[in-house]
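In what follows, chains carry the letters A, B, and so on, assigned in the order in which the sequence lines appear, proteins first and then strands, with residues in each chain numbered from 1. Keep in mind that what you see is a predicted model, and the values were worked out from it rather than measured.
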Protein chains: 2
Amino acid sequence: MVAGPTSTGPGKERLRLWIRLLRASRTIEAELRERLKKEFDTTLPRFDVMAALYRSPEGMLMSDLSRFLLVSNGNVTGIVDRLVSEGLVTRSRRNGDRRTSMVRLTEEGTKSFATIAAVHEGWVGELLAGVSEEEARRLTGMLKSFRSNWEGRE
Amino acid sequence: MVAGPTSTGPGKERLRLWIRLLRASRTIEAELRERLKKEFDTTLPRFDVMAALYRSPEGMLMSDLSRFLLVSNGNVTGIVDRLVSEGLVTRSRRNGDRRTSMVRLTEEGTKSFATIAAVHEGWVGELLAGVSEEEARRLTGMLKSFRSNWEGRE
DNA sequence: TTATAAAACTTTAAGCTTGAAATAATTAGC
DNA sequence: GCTAATTATTTCAAGCTTAAAGTTTTATAA
């Protein structure tokens, strides 16, 4: 998926784009993952979950998290398990529907995330320094539009 | 990493771009992975390795593969092990340097990849149908340029 | 009611992934 | 030649990931 086109047909341009897109995100992702590990002894998936919860102080259901983060249910279970054991989030049964559990950042989790997020934003700025603000806006727009064309039709 | 910006500072635009980029590639990747599994009973990492080998009929070293695919050495070992056990690639010791081994597609592997790659290219075209050829070229160019600005400095 | 289906999660097995440690073979310095 | 450093690869432990199967709880509906 990271290799180049194997033909020169009509789909060539889009295939090239896809390969670029994937290489770019993999490269940045790898760099961020490494820094998160080195500087904060945490992982990208944990950071993702905490970022989602940080935006929802009222908490999120497991299924909300899995939908929002584009990963499977079972995956979220494991990551939240570990965050709970580290004291960064809590799972609390709800009165109404006892199948569901509300996941929330603990106070420690909130503080921890705020610290990491600030540094993380700096890293992203650094890694994307070659893109001007204006270019970033344009690229973002293009990515947004193409995405809505096919996603979510399943 | 898939959640939105948590602040509105100067790095905001680039953070937004990064989140878009990641969501886009994850969404497409998930769709391609699912189709590869359903249609060809294979995985994205195996497809990646075979794509790299397809471009190098003379073969590649394990370290070439890992560098090219942006993954760790140990990772490639496992994937190639499985491809070997499926009869799709071979590992052959070299005369000169006996630490290294040349990995090549078998005849079956070559045929198999050619079939899958053709379908795969169609899928990518379909998933990126919302991007015009011209837009695709522009996006590719932008991604290429930003990448060279910081990558590989380690 | 009372089965039956649906929904929210968890568990499981298999595979992917990394970083670090271990092996083996080559190269460099003396 | 001989030791030390380097290089190529594998092994390992821990964690991430999915799809599928299982559990518990809630909703549907005859």
Side-chain angles (χ1 to χ4, degrees), chain A residues 1-2 22 25-27 29-39 41-50 59-86 91-103 154, chain B residues 1-2 22 25-27 29-50 59-86 88 91-103 154:
Chain A
M1 197 59 65
V2 156
L22 192 51
S25 66
R26 281 200 186 166
T27 310
E29 206 172 338
E31 182 70 24
L32 292 175
R33 183 175 11 78
E34 195 179 327
R35 294 187 186 190
L36 280 176
K37 177 70 177 173
K38 278 220 169 74
E39 305 292 328
D41 192 30
T42 188
T43 67
L44 219 40
R46 286 191 245 248
F47 181 83
D48 285 350
V49 167
M50 292 177 76
M60 288 177 87
L61 301 181
M62 295 298 283
S63 42
D64 293 337
L65 277 170
S66 116
R67 207 176 2 261
F68 183 67
L69 298 173
L70 308 173
V71 298
S72 67
N73 270 342
N75 190 353
V76 175
T77 297
I79 298 169
V80 168
D81 283 351
R82 278 168 224 118
L83 286 173
V84 167
S85 79
E86 289 168 16
R91 241 193 283 238
S92 54
R93 289 263 166 239
R94 287 202 301 175
N95 295 348
D97 189 335
R98 279 182 316 186
R99 288 170 303 180
T100 67
S101 59
M102 214 47 148
V103 185
E154 41 180 335
Chain B
M1 197 59 61
V2 157
L22 192 51
S25 67
R26 281 200 187 167
T27 310
E29 207 173 337
E31 183 70 24
L32 292 175
R33 181 173 14 77
E34 195 179 328
R35 293 187 187 190
L36 281 175
K37 176 70 179 174
K38 279 223 169 71
E39 304 293 327
F40 298 107
D41 191 30
T42 189
T43 67
L44 218 38
R46 285 190 246 249
F47 181 82
D48 284 351
V49 167
M50 292 177 77
M60 287 177 88
L61 301 182
M62 295 299 282
S63 42
D64 292 338
L65 277 170
S66 116
R67 206 176 4 260
F68 182 68
L69 298 173
L70 307 174
V71 299
S72 67
N73 271 342
N75 190 355
V76 174
T77 297
I79 298 167
V80 168
D81 283 351
R82 279 168 224 117
L83 286 173
V84 167
S85 79
E86 289 167 17
L88 299 171
R91 243 194 282 237
S92 54
R93 289 264 167 238
R94 286 203 301 174
N95 295 349
D97 188 335
R98 277 180 317 186
R99 291 169 302 180
T100 67
S101 60
M102 215 47 148
V103 186
E154 44 178 331

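Taking atom CD1 of residue I79(A) and atom C1' of nucleotide dT11(C), one finds them 16 Å apart after rounding to whole Å. To the nearest angstrom, P of dA19(D) lies 14 Å from CZ of R35(B). What separates CG of D41(B) from P of dG15(C) is a distance of 10 Å, to the nearest Å. Here dT18(C) presents its P atom at 13 Å from CD of E31(A), a figure rounded to the nearest Å. Counting to the nearest Å, the P atom of dG15(C) and the CG atom of L83(B) are 12 Å from each other. If you measure from atom CD of E29(A) to atom C1' of dT17(C), you get 11 Å, rounded to the nearest angstrom. The interatomic distance linking K37(A) (NZ) with dG15(D) (P) rounds to 8 Å, in whole Å. A straight line from CG of L65(A) to P of dA8(C) spans 14 Å, rounded to a whole angstrom.
Each of R46(B) and A30(A) lies near DNA chain C, and the nucleotide nearest R46(B) is the one positioned closer to the 5' end.
In this view, R33(B) satisfies the salt bridge (Lys or Arg N to Asp or Glu O under 4.0 Å) rule with no residue, not counting sequence neighbours. Remark: T100(B) pairs with L61(B), R94(B), D97(B) by the side chain to side chain contact (heavy atoms under 4.5 Å, CB included) rule, at least two apart or across chains. R67(A) pairs by the side chain to side chain contact (heavy atoms under 4.5 Å, CB included) definition with S63(A), D64(A), not counting sequence neighbours. Taking the side-chain hydrogen bond (donor to acceptor under 3.5 Å, both in side chains) definition, one finds that E39(B) meets it with nothing, sequence neighbours left out.
The side chain of R98(A) approaches dT25(D) more closely than any other nucleotide in the set dG15(C), dG19(C), dT25(D).
Atom-to-atom distance recorded for T27(A):OG1 and L32(A):CG is 11.0 Å, nearest 0.5 angstrom.
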Mind listing the side-chain donor-acceptor pairs of residues 71-81 of chain A below 3.5 Å, one per line with the distance, residues two or more places apart or on another chain?
residue: S72(A); atom: OG; partner: N75(A); partner atom: N; Å: 3.4
residue: N73(A); atom: OD1; partner: S66(A); partner atom: OG; Å: 3.1
residue: T77(A); atom: OG1; partner: N73(A); partner atom: O; Å: 3.3
residue: D81(A); atom: OD1; partner: R91(A); partner atom: NH2; Å: 2.1

Please tabulate the protein-to-nucleotide N/O contacts below 3.5 Å involving nucleotides 8-11 of chain D, giving atom names and distances.
residue: dT9(D); atom: OP1; partner: S101(B); partner atom: N; Å: 3.1
residue: dT9(D); atom: OP2; partner: S63(B); partner atom: N; Å: 2.7
residue: dT9(D); atom: OP2; partner: S63(B); partner atom: OG; Å: 2.5
residue: dT10(D); atom: OP1; partner: R91(B); partner atom: NH1; Å: 2.8
residue: dT10(D); atom: OP2; partner: T77(B); partner atom: OG1; Å: 2.9

